[in-house]
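Notes for the one structure printed next.
Not measured: the values here are computed from a predicted model. Position 1 is the first residue of the sequence, and the numbers go up from there.
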Amino acid sequence: SLAIACTAGWDTDCNAGNVGCLVGIAGGLAAIDAGPDWRGPVADRMYLSSAEGGRAITDAVIEAQSLVRAGQILKGHDPAPLPKNARFNFAFPGSVQGFAASGAEAVLENVSGHSVDGDRSVAIRFARLTETAPLHVATPSFAMRSAFSMRSYQLSCSPTLYPGQVVELRIEADVRNAGTVAVFVHGSCFGAEDRLKTLAGPERTLAPGEAAVLHWQMPDTGGQPIAEIGVGLRGCGPEACEGSLYLDYVRWSGSPDMVLRRPEAPGEMWFRAWVNDASHFSNRFEAFRVSQDQGRGLVTQGTRDWADYTVEASLRPDLARAWGLAARVQGLRRYYAALFEKPGSDMSSPRGTLRLIRMRDAEETLAVVERDWSLDTAYTVKLCVKDGQIQAFVDGVHVLAATDSGALAIPDGGIGILCEEGAVATDAIVIRPA
């Protein structure tokens with residue numbers, strides 16, 4: 001069926017995808033796995049086209065579980081929690097959720113068992129593992145550079161993992177292993193010329209049959225995006241070894257602790273991490289400059305893992321009718337913001353207002369105060385969101401506060417810079433846990 005759809009020619013990708021989906025539904029996994037290896041090369045990876053950049057780097061398991069929960073909500077049921085309360089839970093037969101091996105020889109296989117509160121795990125079957133040649137098994141937390149060169153479909157995305165967040169994973173050694181294996185949380189970030197730079201947490205040795213839960217707070221990356229996350233293995237002796245380890249789950253929690261800024265080393269992936277819905281978004285002079293012709297422009301970064309945090313930046317408006325800082329951004333029409341505005345048509349007048357707003361499809365003012373401000377002047381703006389409390393500070397002074405805990409409240413999300421009819425710029429955005 002896929003061959004017939006593709007050989008029809010012209011624009012066949014959607015047709016083949018739809019046919020493959022319907023045939024897969026009709027025949028199930030057995031029918032999909034009976035033919036060529038459709039699943040192996042893709043390894044469940046997906047890019048989700050969305051204005052919410054933190055959801056763009058995803059996989060078939062995450063999206064299937066999201067659809068199931070949406071269906072439960074539509075039926076009036078409480079949505080089922082994620083298996084193992086983990087982003088990477090390997091709950092579906094055959095799923096590897098984007099994980100792949102590099103380094104020593106290894107094969108990944110979804111298997112039954114070896115999970116403390118689930119039914120399945122991913123077996124990492126390794127050969128010729130040595131102390132000096134580690135094996136890395138990781139999944140993307142941000143797109144590779146090649147993904148941004150697609151001609152027809154422009155990819156917009158943000159990383160899913162950030163410095164300051166704590167990664168947790170559980171791994172178990174096969175009882176038949178011949179010896180101990182060292183394990184550690186492994187990741188990578190972009191570096192000079194967008195080459196990957198290894199990040200590695202403290203090591204722990206596992207004897208045959210032993211299991212461990214590893215925790216690691218992601219380190220500061222100097223403004224560079226974290227590219228992938230997973231587990232690293234190395235041998236513990238002079239001889240190469242073989243055996244199996246079982247990855248039970250990988251998850252992370254907490255708000256980031258970082259500064260978004262221009263890295264010291266040249267490259268472009270740090271700037272690609274933003275989702276741009278402004279007329280122009282540039283880094284030629286300042287690290288971040290947002291320009292908007294008509295209406296409201298917004299650039300965003302972050303995920304719904306962020307709940308309670310502060311975001312702070314020294315923002316300078318240049319001929320802007322309105323500008324501000326946003327928190328708990330869930331897309332272009334869902335966020336809180338501290339918004340500076342001019343009440344009349346004379347943008348050169350110092351008279352102005354500062355509003356705390358909630359945008360949830362429609363905009364609502366939560367609090368407002370008269371606040372004079374001038375063009376070409378930098379103001380240090382800080383938003384603090386914690387539980388249902390939203391607070392705004394300007395140049396270190398508490399200016400506005402609001403409580404929003406009703407049905408329309410926004411519980412989590414990333415950050416953003418807003419601008420209306422003009423430009424606003426900054427060199428750094430500081431995000432800390434509240």
Side-chain angles (χ1 to χ4, degrees), residues 47-58 62-63 65-79 154 156-158 160 255 274-279 281 290-309 311 320-343 353-369 381 383-392 400-422 424 431:
Y47 291 145
L48 176 64
S49 180
S50 170
E52 186 182 354
R55 283 205 64 199
I57 308 302
T58 185
I62 291 173
E63 297 311 314
Q65 290 170 338
S66 177
L67 287 169
V68 168
R69 291 196 299 275
Q72 292 168 333
I73 293 171
L74 287 171
K75 289 290 186 180
H77 305 306
D78 292 332
Q154 181 73 36
S156 293
C157 64
S158 294
T160 58
S255 296
W274 291 82
V275 173
N276 174 24
D277 187 54
S279 301
F281 184 41
V290 183
S291 305
Q292 183 67 14
D293 181 12
Q294 296 179 344
R296 181 176 297 172
L298 176 64
V299 298
T300 69
Q301 188 171 164
T303 78
R304 294 200 189 187
D305 292 329
W306 305 8
D308 297 335
Y309 60 89
V311 53
R321 185 176 301 279
W323 56 278
L325 196 60
R328 289 185 178 169
V329 179
Q330 296 183 353
L332 302 180
R333 305 285 293 177
R334 277 193 188 182
Y335 53 82
Y336 294 111
L339 189 65
F340 292 78
E341 295 173 299
K342 293 292 185 183
T353 60
L354 172 61
R355 289 194 296 142
L356 272 182
I357 65 170
R358 178 188 65 217
M359 171 65 79
R360 183 158 181 150
D361 302 325
E363 182 180 302
E364 181 172 341
T365 299
L366 303 178
V368 62
V369 66
V381 184
L383 268 178
C384 178
V385 286
K386 186 173 183 181
D387 300 322
Q389 302 295 317
I390 307 101
Q391 300 182 72
L400 280 176
T403 300
D404 192 28
S405 56
L408 297 180
I410 303 171
D412 45 50
I415 60 96
I417 306 171
L418 304 95
C419 184
E420 294 182 13
E421 299 181 27
V424 62
I431 305 162

Can you tell me if Q292 uses its side chain to pair, donor with acceptor, with the backbone of E420 under 3.5 Å? no
Side-chain heavy-atom pair M359, R333 within 4.5 angstrom cut-off: yes
So, the side chain of R304 versus the backbone of G54: is there a donor-acceptor pair under 3.5 Å, distance only? no
Output all residues satisfying side-chain hydrogen bond (donor to acceptor under 3.5 Å, both in side chains) with D308, sequence neighbours left out; order by chain, then residue number. R328
What pair of heavy atoms forms the shortest contact from A402 to A367, and how long is it? CB-CB, 4.5 Å
Locate the shortest heavy-atom distance separating A278 from S291; write the atom from each residue and the value. CB-O, 3.7 Å
Could you tell me which residues satisfy side chain to side chain contact (heavy atoms under 4.5 Å, CB included) with S156, sequence neighbours excluded, listed by chain and number? V275
With a 4.5 Å cut-off on side-chain heavy atoms, are L356 and L383 touching? yes
Does CG in D78 sit with more than 12 non-hydrogen atoms of other residues, nucleotides or ligands closer than 6.0 Å? no
Pairwise side-chain contact, L325 with I415, heavy-atom cut-off 4.5 Å (strictly under): no
Parallel, tilted or perpendicular, as decided by the 30° and 60° cut-offs, for the rings of W274 and F281: perpendicular
Kindly say whether L48 contributes a backbone atom to a donor-acceptor pair with the side chain of T58 at under 3.5 angstrom? no
CG on D361 to CZ on R334, rounded to 0.5 Å: 6.0 Å
So, taking the atom named CG in L354 and the one named CG in L400, what distance separates them when rounded to the nearest 0.5 Å? 5.0 Å
Mind listing the closest non-hydrogen atom pair of L298 and G331 along with its distance? CD2-O, 4.2 Å
Among residues two or more places apart or on two chains, list those pairs meeting side-chain hydrogen bond (donor to acceptor under 3.5 Å, both in side chains) that have a residue in residues 401-415. Q330-D412, Y336-D404, R358-D404, Q389-T403
For L332 and A51, which heavy atoms make the closest approach, and how far apart are they? CG-CB, 3.7 Å
With a 4.5 Å cut-off on side-chain heavy atoms, are I357 and Y335 touching? yes
Could you go step by step and tell me if V381 and W323 meet the side chain to side chain contact (heavy atoms under 4.5 Å, CB included) rule? CA-CA 11 Å; V381 184; W323 56 278; 4.0 Å; yes
Measure the CD-SG distance between Q301 and C157 for me, rounded to the nearest 0.5 Å. 9.5 Å
How close do C419 and V424 get, counting heavy atoms only, and between which atoms? CB-CG1, 3.8 Å
Of the non-hydrogen atoms in R360 and A409, which two are nearest, and what is the gap between them? NH1-O, 3.2 Å
Are R296 and E363 within salt-bridge range, i.e. N to O under 4.0 Å? yes
